[in-house]
Amino acid sequence: MTKQKLKGYPSIDKPWLKYYSKETQNVRMPECTIYTYLWENNKKNLEDVAICYYGKKITYGKLFKKIDKVSKAFYHLGVKPSDVIIMASVTTPEMIYTFYALNRLGAVLNMVDPRTSVDRIQEYIREANVKIVLSIDAAYQKIEQAAAGTSVRNIIVLSPLDSLPTIKKVPLRITNKLKGNSHQLKDGSIIWKQFIEGGDKEIHEAPYVKNACCAIIHTGGTTGTPKGVMLSNENINSSVVQGNVSGFNFQRRHKWLNIMPPFIAYGIVNGLHMPLCDGMTLVVLPQFDPKKYDKLLLKYKPNHIAGVPSHYNTVIHSKKLAHKDLSFLLSPIVGGDGTEVGFEKQVNDFLNEHNCQANLIKGYGMTEVCACVSVAAQKRCNKLGSVGIPLSHSQVSVFENGKELPYGNKGEICMRGPSVMIGYYKNEKETSTILQKHEDGSVWVHSGDLGYIDEDGCVFIEGRLKRMIVRADGFKVFPKLIEDIVLTHEKVKACCVVGAPDKEHSQGELPVAFIVLVSEFLDKEAEILKALRKLCFDNLPEYAQPIGFRFCEVLPLTAIGKIDFCTLKRIAAEI
């Protein structure tokens, strides 16, 4: 690394552009609705299979007919442009029809995790004056309670069984796990079949409005209160275009195994809209069990999968996959959380040993940029430990106190580009905190992540600034510094460090390490604890020494498979 290169600045040099052709750099972003973009990309291939749902195949022609029928049903209920409709559902064909049908009408789909509390759902209803809520049957009772005394006039209830013919409704395990207890629907509530039969009038398709909100996706809330991220048609469509030109081997009629839920940007943008716009067959699962990931791979033989790091644990330890050929897998994509270098090596070795031509394809982003802003899809820039290079029309750089830092310097990861959100729904204060105007007038998303960019434009994430532990004496401790040391111990499988209140001072935190051991060493905790204390003493500065070590069977995860830092912090506070 030369001095000249060290002095360069990523946002000025844009070194990642050397990986993109001039033609790619000049690709125009679509100016249309997400529904129109889906139609334009598939109108000449209506016989291709769009959705595979428990063996039932739905062609693109059938998909558009269903979307039309659902559009008419919503129009019959009086849905108008800019109306906010809440949907609390897992991924089913009906959820997909609804996503595009509401877009045709110019309405805004507010996606909510069905496991959200009654009080939180009621907040979402009240802040947007919501009149219609769609609910998966398992969440109906909760939605009914949340809707009481609000503006809601209709609750539409759908089931994972709605798209299956009677003969295929045999998998009662779906009913048992998702449907819950059956009970009488209240006035204003209708089941899906009755709902779609109500639409018999031609609709007035809403005109395209530039930069209008079409979807609200709530942030995961692992480090704070969830906020509603407003995404536009342009945001979502630009993510598809940039993904397609980033080096992936995406082709029409490929199979995409959709395992991410629709109420996160990663699921609805990258796991649903992108493969459908590319003419792929989307394998839809209303419920994903990571322990059965290996079985799903063998059953569907998908060309592309996208998950979080924890999902790949099943893959590399699977006995079912031990001697199987995985050459069908072209894109093993991972995102949503950091991937430890050691684990990345393990996954890559496993994939290569099973004839997969690709290494783990890492991506990085956040809900506020439609889930992805950088990706390691090209072999040339898939460096171990990095999350790849910025997407073709996006920029990523590192700042400190508003000043851009040169290559190799650690600071806050910031980003800009066509996928940047409109803002947080009815929350200007938080919007101005994350979307900051710099001295040159440009607006950047401040991620809260710590990292650096090398001279090739590869992005490296070092940790979460919001996870930074600030001691009472002012010293700053980054959890990853401790985690990397603890993970060098051969008997440690996973480690997560969080801050616990310093009980000897009125403020400040001290680090506590949560540790998962390799299974065969579970009875050696006392011995390993002694070794870990010495390891940390020998390799960490005094101010970064953990005050406690807590062994656990697994690290708690959020609904989408990220480490649940809030839960760990609560436990740490009690130690």
Side-chain angles (χ1 to χ4, degrees), residues 220 222 248-249 255-261 264 266-267 270-271 275 283 285 287-365 371-372 374-377 379 382-388 460-461 480 483-484 487 492-496 515-519 553-564:
T222 57
F248 288 105
N249 184 17
K255 275 192 283 189
W256 182 290
L257 180 60
N258 180 26
I259 61 173
M260 301 305 293
I264 62 171
Y266 190 13
N270 303 124
V283 179
L285 300 170
Q287 187 178 48
F288 171 64
D289 182 354
K291 294 178 182 178
K292 296 180 180 178
Y293 203 179
D294 50 359
K295 185 178 179 181
L296 293 171
L297 290 177
L298 294 176
K299 179 178 180 179
Y300 293 107
K301 291 183 170 53
N303 305 112
H304 313 283
I305 55 176
V308 297
S310 60
H311 291 159
Y312 285 88
N313 263 321
T314 301
V315 174
I316 63 175
H317 294 110
S318 170
K319 293 181 180 179
K320 289 186 176 69
L321 298 178
H323 303 291
K324 299 296 182 180
D325 181 3
L326 299 182
S327 58
F328 57 81
L329 186 56
L330 305 176
S331 303
I333 303 167
V334 65
D337 207 354
T339 306
E340 296 292 342
V341 171
F343 182 68
E344 184 181 346
K345 288 179 181 177
Q346 273 187 290
V347 177
N348 287 342
D349 288 345
F350 178 90
L351 293 172
N352 295 332
E353 289 166 4
H354 291 73
N355 300 323
C356 179
Q357 299 302 305
N359 282 339
L360 197 60
I361 297 173
K362 300 148 294 177
Y364 167 74
C372 185
S374 76
V375 71
K379 286 186 177 180
N382 194 346
K383 294 183 181 180
L384 198 65
S386 85
V387 290
F460 291 81
I461 307 300
K480 193 172 187 297
E483 291 165 354
D484 285 348
L487 286 167
V492 173
K493 181 179 179 182
C495 174
C496 183
I515 296 161
V516 178
L517 296 177
V518 176
S519 58
E553 291 184 9
V554 293
L555 294 175
L557 303 177
T558 65
I560 62 170
K562 291 185 180 183
I563 294 175
D564 190 342

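If you're wondering where the values come from, they're calculated on a predicted model, not measured in any experiment. Values below: every heavy atom of this structure, side chains too, minus hydrogens, waters and symmetry copies.
- Remark: the backbone N or O of L330 is not paired with any side-chain donor or acceptor of H304 at under 3.5 angstrom.
- Put simply, OG on S386 and OH on Y364 are 13.0 Å apart, with the number rounded to the nearest 0.5 Å.
- L487 is not listed as a side-chain neighbour of F343, based on a closest heavy-atom distance of 4.5 Å or more.
- Of all heavy-atom pairs between E483 and E340, the closest is OE1-OE2, 4.4 Å.
- In this structure the side chain of N348 reaches within 4.5 angstrom of the side chain of L384, judged on heavy atoms.
- A 4.5 Å side-chain heavy-atom check between C372 and N270 finds at least one atom pair inside the cut-off.
- Atom-to-atom distance recorded for I515:CD1 and K493:NZ is 14.5 Å, nearest 0.5 angstrom.
- Across all their heavy atoms, I333 and Y312 have their closest contact at O-OH, 2.7 Å.
- Using a 4.5 Å cut-off on side-chain heavy atoms (C-beta onward), V308 and M260 make contact.
- With contacts defined as side-chain heavy-atom distances shorter than 4.5 Å, the pair L321/Y293 does not qualify.
- The minimum heavy-atom distance between V283 and L257, with the atom names listed, is CG1-CD1, 3.7 Å.
- The salt bridge (charged side-chain N to carboxylate O under 4.0 Å, His left out) contacts involving residues 347-365 comprise E344-K362, where partners must be two or more places apart or lie in separate chains.
- Under a 3.5 Å cut-off, the side chain of N382 and the backbone N or O of I361 do not form any donor-acceptor pair.
- Screening residues 316-326 for side-chain hydrogen bond (donor to acceptor under 3.5 Å, both in side chains), with sequence neighbours left out, gives D294-S318, D325-S327, D325-N355.
- To the nearest 0.5 Å, the span separating CG on D289 from OG1 on T314 amounts to 8.0 Å.
- The two atoms that bring P309 and G335 nearest to each other are CD-O, 3.6 Å, heavy atoms only.
- Between G385 and F460, the shortest heavy-atom contact is O-CD2, 3.6 Å.
- Atom CD1 of I305 is separated from atom CG of L297 by 5.0 Å, given to the nearest 0.5 angstrom.
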side-chain contact (heavy atoms from CB on, under 4.5 Å) for V518 and V492? Distances and angles first, verdict last. CA-CA 6 Å; V518 176; V492 173; over 6 Å; no
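- Shown here are the side chain to side chain donor-acceptor pair (under 3.5 Å) partners of K480, two or more places apart in sequence or in another chain: D484.
- Between V347 and P332, every side-chain heavy-atom pair lies at or beyond the 4.5 Å cut-off.
- Using a distance-only test at 3.5 Å, with no hydrogens or angles considered, no donor-acceptor pair links the side chain of D564 to the main chain of T558.
- If you look at F288 and H311, their ring centroids are closer than 6.0 Å.
- In this structure, the side chains of L555 and V516 come closer than 4.5 Å at one or more pairs of heavy atoms.
- Residues C496 and I563 share a closest heavy-atom pair of SG-CG2, 3.9 Å.
- Judged by distance alone, with hydrogens and angles left aside, the side-chain atoms of N303 form a donor-acceptor pair with the main-chain N or O of F328 at under 3.5 Å.
- Looking only at distances, no side-chain donor or acceptor of Y300 sits under 3.5 Å from a matching main-chain atom of W256.
- You'll find the side chain of L285 reaches within 4.5 Å of the side chain of I259, heavy atoms only.
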